[in-house]
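What's counted below: heavy atoms across the whole structure, side chains too, no hydrogens, waters or symmetry copies. Below, chains carry the letters A, B, ... as their sequence lines are ordered, and counting in each starts from 1.
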Protein chains: 2
Amino acid sequence: MFSKSCKYAIRAVLYMAYKTSPDQRVGVKEISDTLDVPGPFLAKLLQQLTRNNLVSSIKGPNGGFFLSEKNRNEPLRKVVECIDGPEVFSACILGLPVCSSENPCPLHTQAFIYREGLLQMVGKKTVAEIAAQVSQEGLSV
Amino acid sequence: MFSKSCKYAIRAVLYMAYKTSPDQRVGVKEISDTLDVPGPFLAKLLQQLTRNNLVSSIKGPNGGFFLSEKNRNEPLRKVVECIDGPEVFSACILGLPVCSSENPCPLHTQAFIYREGLLQMVGKKTVAEIAAQVSQEGLSV
DNA sequence: TTAAAAAAAGATATAAAAGTCTTTTTATCT
DNA sequence: AGATAAAAAGACTTTTATATCTTTTTTTAA
């Protein structure tokens, strides 16, 4: 479903959501060590998210990455689409160029129903909301 | 969700389900031309399926690939798992090494529901049943 | 019994994804 | 101002997935 890049990005953003604030930044190394993810690779992803205003950063000593209030209130879907592109939720599960309700592939209906469920979740819930659930319920990131 | 290989394999098997029988074989070229898929690559996939008794083949002139009665009555799931491995339906959507109902990742519940529905479908319906639907409803492969 | 047709097998090539390294820029603190 | 810490940017490498090519084996039919 998601590329490795996207998985790393989602996890990093959720981690940042409960670890950072505009005056509480965190470096790539801390994130990559905690999530057990390749550091320089994660850096690229965070930079891409930063360019797209889904993550914030400050350079220099005491700088680092963090989520602004605005960043927290974005639906998680934006993070996914920033890394994997908008097609993740709409592309045909069998890779057919045209596959829709009018012209469905054999697995279309099932794939649609269930992908729609995921989409509803990451599309409606914000980063902050999902992160809140993570800390309340002690989920792993 | 599925690799390209797996998508090609599913489509090829469903195509064969309504095009072939033990005495009505079809060559790789016809399949790859019809599905618009790279021929030699598809050949490898079909050979892998053949080794795992999910597709049948006969060499020589008038030979080719086909589905035996047994092949048709396998759940489509077997084809998927033969190509992408059994993890496709169970691996964590965020790639966490351990993710279960007891120790879920933030997207676990939604992802589980999503995948379970698909799994039910390809796990319960046989190749023949899905193929029947394809020809009855005129779906695209 | 030889030629041809088809799959099987194996080697090789290409492309895409994942990961690393180096240099540059920006900010902070002494 | 100078040293340092961090992200930003870009080049590069490695790995994995996808795709192709070549040779071998099997079968059929003339």
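- Among the atoms of the strands shown, none is found under 4.0 Å from any heavy atom of B:Arg25.
- Looking at residues two or more places apart in sequence or on another chain, you find a side-chain contact (heavy atoms from CB on, under 4.5 Å) between B:Pro86 and B:Glu81.
- Side-chain contact between A:Val13 and A:Leu54 is absent, with no heavy-atom pair separated by less than 4.5 Å.
- Computed from coordinates, the B:Leu45 CG to C:dG10 P distance equals 16 Å when rounded to whole Å.
- Counting to the nearest Å, the P atom of D:dA19 and the CG atom of B:Leu46 are 14 Å from each other.
- Taking every heavy atom of residues 77-94 of chain A and every atom of DNA chain C, no pair lies under 4.0 Å.
- Of the residues in residues 4-15 of chain B, B:Lys4, B:Ser5, B:Tyr8 come within less than 4.0 Å of DNA chain D through at least one heavy atom, sorted by number.
- Note on residues 56-67 of chain B: pairs passing side chain to side chain donor-acceptor pair (under 3.5 Å), not counting sequence neighbours, are B:Ser56-B:Asn71.
- In this structure, A:Lys29 atom NZ and C:dT20 atom C1' are separated by 14 Å, rounded to whole Å.
- Contact annotation for B:Pro38: backbone-only contact, meaning every heavy-atom pair under 4.0 Å involves sugar-phosphate atoms and none involves a base.
- Screening residues 113-136 of chain B for side chain to side chain donor-acceptor pair (under 3.5 Å), with sequence neighbours left out, gives B:Gln120-B:Lys124, B:Lys125-B:Gln133.
- Residue B:Ile58 belongs to a hydrophobic cluster whose other members are B:Phe66, with links defined by side-chain heavy atoms closer than 4.5 Å.
- Shortest non-hydrogen contact noted between A:Leu45 and A:Ser5 is CD1-O, 3.5 Å.
- Ring planes of A:His108 and A:Phe112: parallel class, angle under 30° (limits at 30 and 60°).
- Scanning all heavy atoms of the two residues, the minimum distance from B:Arg11 to B:Leu35 falls at NH2-O, 2.9 Å.
- Every side-chain contact (heavy atoms from CB on, under 4.5 Å) that B:Ala111 has, sequence neighbours left out, goes to B:Ile93.
- Rounding to whole angstrom units, CG of residue A:Asp36 and P of C:dG19 are separated by 11 Å.
- A straight line from CD of B:Glu30 to P of C:dA5 spans 17 Å, rounded to a whole angstrom.
- Pairs engaging residues 44-55 of chain A under the side chain to side chain donor-acceptor pair (under 3.5 Å) rule: none recorded [sequence neighbours left out].
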Identify all pairs in which a protein N or O lies below 3.5 Å from an N or O of nucleotides 3-6 of chain D, and state each distance.
from, atom 1, to, atom 2, distance (Å)
D:dA6, O4', A:Gly60, O, 3.4

Scan nucleotides 11-16 of chain C against the protein and return all N/O pairs shorter than 3.5 Å with their distances rounded to 0.1 Å.
from, atom 1, to, atom 2, distance (Å)
C:dA11, N6, B:Lys44, NZ, 3.3

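- Taking atom CD of residue A:Gln47 and atom C1' of nucleotide C:dT24, one finds them 12 Å apart after rounding to whole Å.
- Remark: A:Asn103 engages A:Val98, A:Ser100, B:Ser140 in a side-chain contact (heavy atoms from CB on, under 4.5 Å) (not counting sequence neighbours).
- Rounded to whole Å, atom C1' of D:dG10 lies 15 Å from atom CD of A:Gln48.
- The two residues A:Val127 and A:Ala17 make their nearest non-hydrogen contact at CG1-CB, 3.8 Å.
- With rounding to whole Å, A:Phe41 atom CZ is found 12 Å from D:dT14 atom C1'.
- For the pair B:Pro38 and B:Tyr8, the minimum side-chain heavy-atom distance is below 4.5 Å.
- Listed by first and then second residue, the side chain to side chain donor-acceptor pair (under 3.5 Å) pairs that reach into residues 83-92 of chain B are B:Ser3-B:Asp84, sequence neighbours excluded.
- Side-chain nitrogen and oxygen atoms of B:Ser57 include none within less than 4.0 Å of the OP1 or OP2 phosphate oxygen of C:dA6.
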